[in-house]
Number of protein chains: 2
Amino acid sequence: MTEHTTGRVDHEADLRKAGIRITRPRRIILRIVSETDDHPDAYEIFRRAVKVDKNISLSTVYRTMKLLEEHGTIQRHAFAGGPSRFEHAGEEHHDHLIDVETGDVIEFRSDKIEKLQDEIARELGYDILHHKLELYGRKRRSA
Amino acid sequence: MTEHTTGRVDHEADLRKAGIRITRPRRIILRIVSETDDHPDAYEIFRRAVKVDKNISLSTVYRTMKLLEEHGTIQRHAFAGGPSRFEHAGEEHHDHLIDVETGDVIEFRSDKIEKLQDEIARELGYDILHHKLELYGRKRRSA
DNA sequence: ATGCAAATGCAAATCGTTTGCAACAAAAAA
DNA sequence: TTTTTTGTTGCAAACGATTTGCATTTGCAT
C-alpha cells in the first residue's frame, strides 16, 4: 500500500471508491486544495496547478472543483461580486465572526447552533447540506 | 402633500432627501421591490418593470439596484451559483434556507438561534450588529 | 498490451453584470 | 416658463467567471 506523505485523509482512495477516475490533473488539483490554508478561487488553483504541469487547463480546474464539491471533498464559498472560492472540507466546520471595525475574522463553533439549524431545516422539510453563518460585531468595551 | 397609496415608508422622499433624482424608471423599480414578498434577481425585476414601461432597460435595473443597495433601501443576497437576489430592507430580520436544487429561497426565523448567536458573541467579547445565516439544503423525500 | 468509456485541452459559447456614449429628462437657474 | 446644467437612460459592446462541444488523449479493467 502506498502511504502518502501527508498525514491526512487519502482522498484518492476515497474518490476511487466512488468510481471516480484519478487522472494526473485531478491528482495535482487535489493536492493543491488539500494542502492550502487559504481560500483560493478557480483561477488561483489553476495558476498553482500550471506550475506543476504546464498543460492543465482552467476548464479542468472548474470541472474538478465541481466534482470535488459534489463528492464533499471541498466546499464552495460564494462571495458577492467575486468568483467562488474553495476550501478543503473535512476539517472541523466553523463559522465566522467578523469585527466590523478592524475586519478581523474570528472562527468559532457551536454545536447547539448546528443542531438548531438541522432542527429548523427538518421542520421545513429539508436536509441541510451545508450552511454559512457570519456574525458581524463590534468589540465590547468593558464599561 | 401627496400621500402615497402604500401604507409603507416613502422611499422617494427618502431618496430625494439624499440628493438622488427620482426618475420614471427608478420610481417603477422602487415600487416593484417594495411591493414584492420574494427575492427577485435583476432580470426578474426587469421583466416586471417592462410590463409597466416597455422602454426600461436591464442596465437601468442593475444601476438602480446598486443605488438602492448603497442607500440601504434594499439588501443584496449573493447566494451560491446564481445571480444576486434582492430584498426590500427594513422588514423584520429573518434568515434564509436555499433549496440547492430549485434555487427557491425560504425565509425563516428562530429566536433560539438569534439568542445563541448573542451568547456566543458575548463570550468572544463582541456585540453583534447584524448577521447572515444561510442554510443550503435539499428537500427531504419522505421515505 | 488493448479497447473503450471517461477525461482533457482548446476555443467558442453562455451567463450575470458593467461600461462608454450619444440622446434625453430632471432639477436648478434665469 | 424657458433655458441651462447635470445626472440618467437605453443601447450595444465589453467584461469576468464559468460552462460546453468536440476532437484527442488517458485511465484502467480485461
Side-chain angles (χ1 to χ4, degrees), chain A residues 2 11-30 32-33 39-47 49-71 73-74 76-86, chain B residues 2 11-30 32 39-71 73-74 76-86 98 100 103 105:
Chain A
T2 309
H11 292 300
E12 294 195 16
D14 256 17
L15 293 167
R16 266 214 187 76
K17 220 168 289 180
I20 289 161
R21 266 187 205 180
I22 302 304
T23 64
R24 180 169 161 73
R26 283 181 183 168
R27 191 172 290 122
I28 292 169
I29 291 166
L30 206 40
I32 290 170
V33 300
H39 303 69
D41 59 28
Y43 192 75
E44 173 60 27
I45 292 167
F46 167 67
R47 207 178 300 127
V50 164
K51 283 190 204 156
V52 182
D53 181 340
K54 221 173 172 305
N55 295 351
I56 287 179
S57 77
L58 185 52
S59 320
T60 295
V61 173
Y62 275 109
R63 286 191 272 234
T64 303
M65 297 326 278
K66 183 185 281 183
L67 187 82
L68 296 182
E69 185 190 8
E70 281 163 358
H71 194 258
T73 309
I74 59 163
R76 176 191 301 264
H77 293 281
F79 290 98
S84 289
R85 306 177 64 159
F86 304 93
Chain B
T2 308
H11 293 299
E12 294 196 15
D14 257 17
L15 293 168
R16 266 216 186 75
K17 221 168 287 181
I20 289 161
R21 260 183 211 188
I22 301 304
T23 65
R24 180 170 160 71
R26 283 180 183 170
R27 192 171 289 123
I28 292 169
I29 291 167
L30 204 42
I32 290 170
H39 304 70
D41 59 29
Y43 191 75
E44 172 61 27
I45 293 167
F46 167 66
R47 207 179 300 128
R48 297 180 195 175
V50 164
K51 284 190 204 157
V52 183
D53 181 339
K54 221 174 173 305
N55 295 351
I56 287 177
S57 78
L58 184 53
S59 321
T60 295
V61 172
Y62 275 110
R63 285 191 274 235
T64 304
M65 296 328 278
K66 183 186 281 182
L67 188 82
L68 295 181
E69 185 190 7
E70 281 163 359
H71 193 258
T73 310
I74 59 164
R76 175 191 302 261
H77 293 284
F79 298 125
S84 288
R85 306 177 64 161
F86 304 92
I98 295 97
V100 297
V105 176

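Residue numbering restarts at 1 for every chain, and letters A, B, ... go by the order of the sequence lines. Just so you know, these numbers come straight off a predicted model, no measurement behind them.
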For B/Leu30 and B/Leu15: C-alpha separation, side-chain torsions, deciding distance, then whether side chain to side chain contact (heavy atoms under 4.5 Å, CB included) applies. CA-CA 11 Å; B/Leu30 204 42; B/Leu15 293 168; 3.5 Å; yes
Sugar-phosphate only, base, or nothing, as touched by B/Asn55 at under 4.0 Å among non-hydrogen atoms: sugar-phosphate
d(CD1, B/Ile22; C1', D/dT8) in whole Å: 12 Å
Should B/Arg21 and B/Arg26 count as side-chain neighbours, where that means a heavy-atom distance under 4.5 Å? yes
When only distance counts, do a donor and an acceptor, one from the side chain of B/Arg63 and one from the base of D/dG10, lie under 3.5 Å apart? yes
Let me know the distance between CD1 of B/Ile20 and C1' of C/dA28, rounded to the nearest Å. 18 Å
So, is A/Tyr62 near the phosphate of D/dT18, with a side-chain N or O under 4.0 Å from OP1 or OP2? yes
For a quick test of reading the model: is some side-chain N or O of A/Ser59 closer than 4.0 Å to OP1 or OP2 of C/dT8? no
Walk me through whether B/Met65 and B/Val61 qualify under side chain to side chain contact (heavy atoms under 4.5 Å, CB included). CA-CA 6 Å; B/Met65 296 328 278; B/Val61 172; 4.1 Å; yes
May I ask you to verify if any side-chain N or O of B/Thr60 is less than 4.0 angstrom from the OP1 or OP2 atom of D/dT8? no
A/Arg21 side chain, from C-beta outward: closest of D/dG27, D/dT18, C/dT8: D/dG27
Under 4.0 angstrom between B/Arg26 side-chain N/O and D/dT8 OP1 or OP2: yes
Using atom CZ of A/Arg47 as one end and atom C1' of D/dA17 as the other, report the distance to the nearest whole Å. 14 Å
Indicate the atoms forming the closest heavy-atom contact of B/Ala42 with B/Leu58, along with that distance. O-CD1, 4.0 Å
What are the two closest heavy atoms between A/Ile56 and A/Val50, and how far apart are they? O-CG2, 3.9 Å
Paired with C/dT2 by Watson-Crick or G-U wobble geometry, both distances under 3.5 Å: which nucleotide is it? D/dA29
Salt bridge (charged side-chain N to carboxylate O under 4.0 Å, His left out) between B/Arg48 and B/Glu44: does it pass, once the steps are laid out? CA-CA 6 Å; B/Arg48 297 180 195 175; B/Glu44 172 61 27; 2.6 Å; yes
Judged by each residue's nearest nucleotide on DNA chain D, which is more toward the 5′ side, A/Ser84 or B/Ser57? B/Ser57
Value in whole Å for how far the C1' atom of C/dT17 lies from CZ of B/Phe46: 14 Å
Between C1' on C/dC24 and CG on B/Asp53, what's the gap in Å once rounded to a whole number? 14 Å
Is the distance from OP1 or OP2 of D/dG27 to the nearest side-chain N or O of A/Arg16 less than 4.0 Å? no
So which nucleotide from D/dC28, C/dT18, D/dG10 ends up closest to the side chain of B/Lys66? C/dT18
Rounded to whole angstrom units, what separation is found between the CG atom of B/Leu68 and the P atom of D/dT8? 12 Å
Kindly point out which of C/dT17, D/dC11, C/dT8 is positioned nearest to the side chain of B/Pro83? C/dT17
Write down the distance between CG (A/Leu15) and C1' (D/dG27), rounded to a whole number of angstrom. 14 Å
Is the phosphate of C/dT8 approached by A/Thr23 (side-chain N or O, under 4.0 Å from OP1 or OP2)? yes
Taken to the nearest whole Å, CZ/A/Arg24 to C1'/C/dA6 is 18 Å
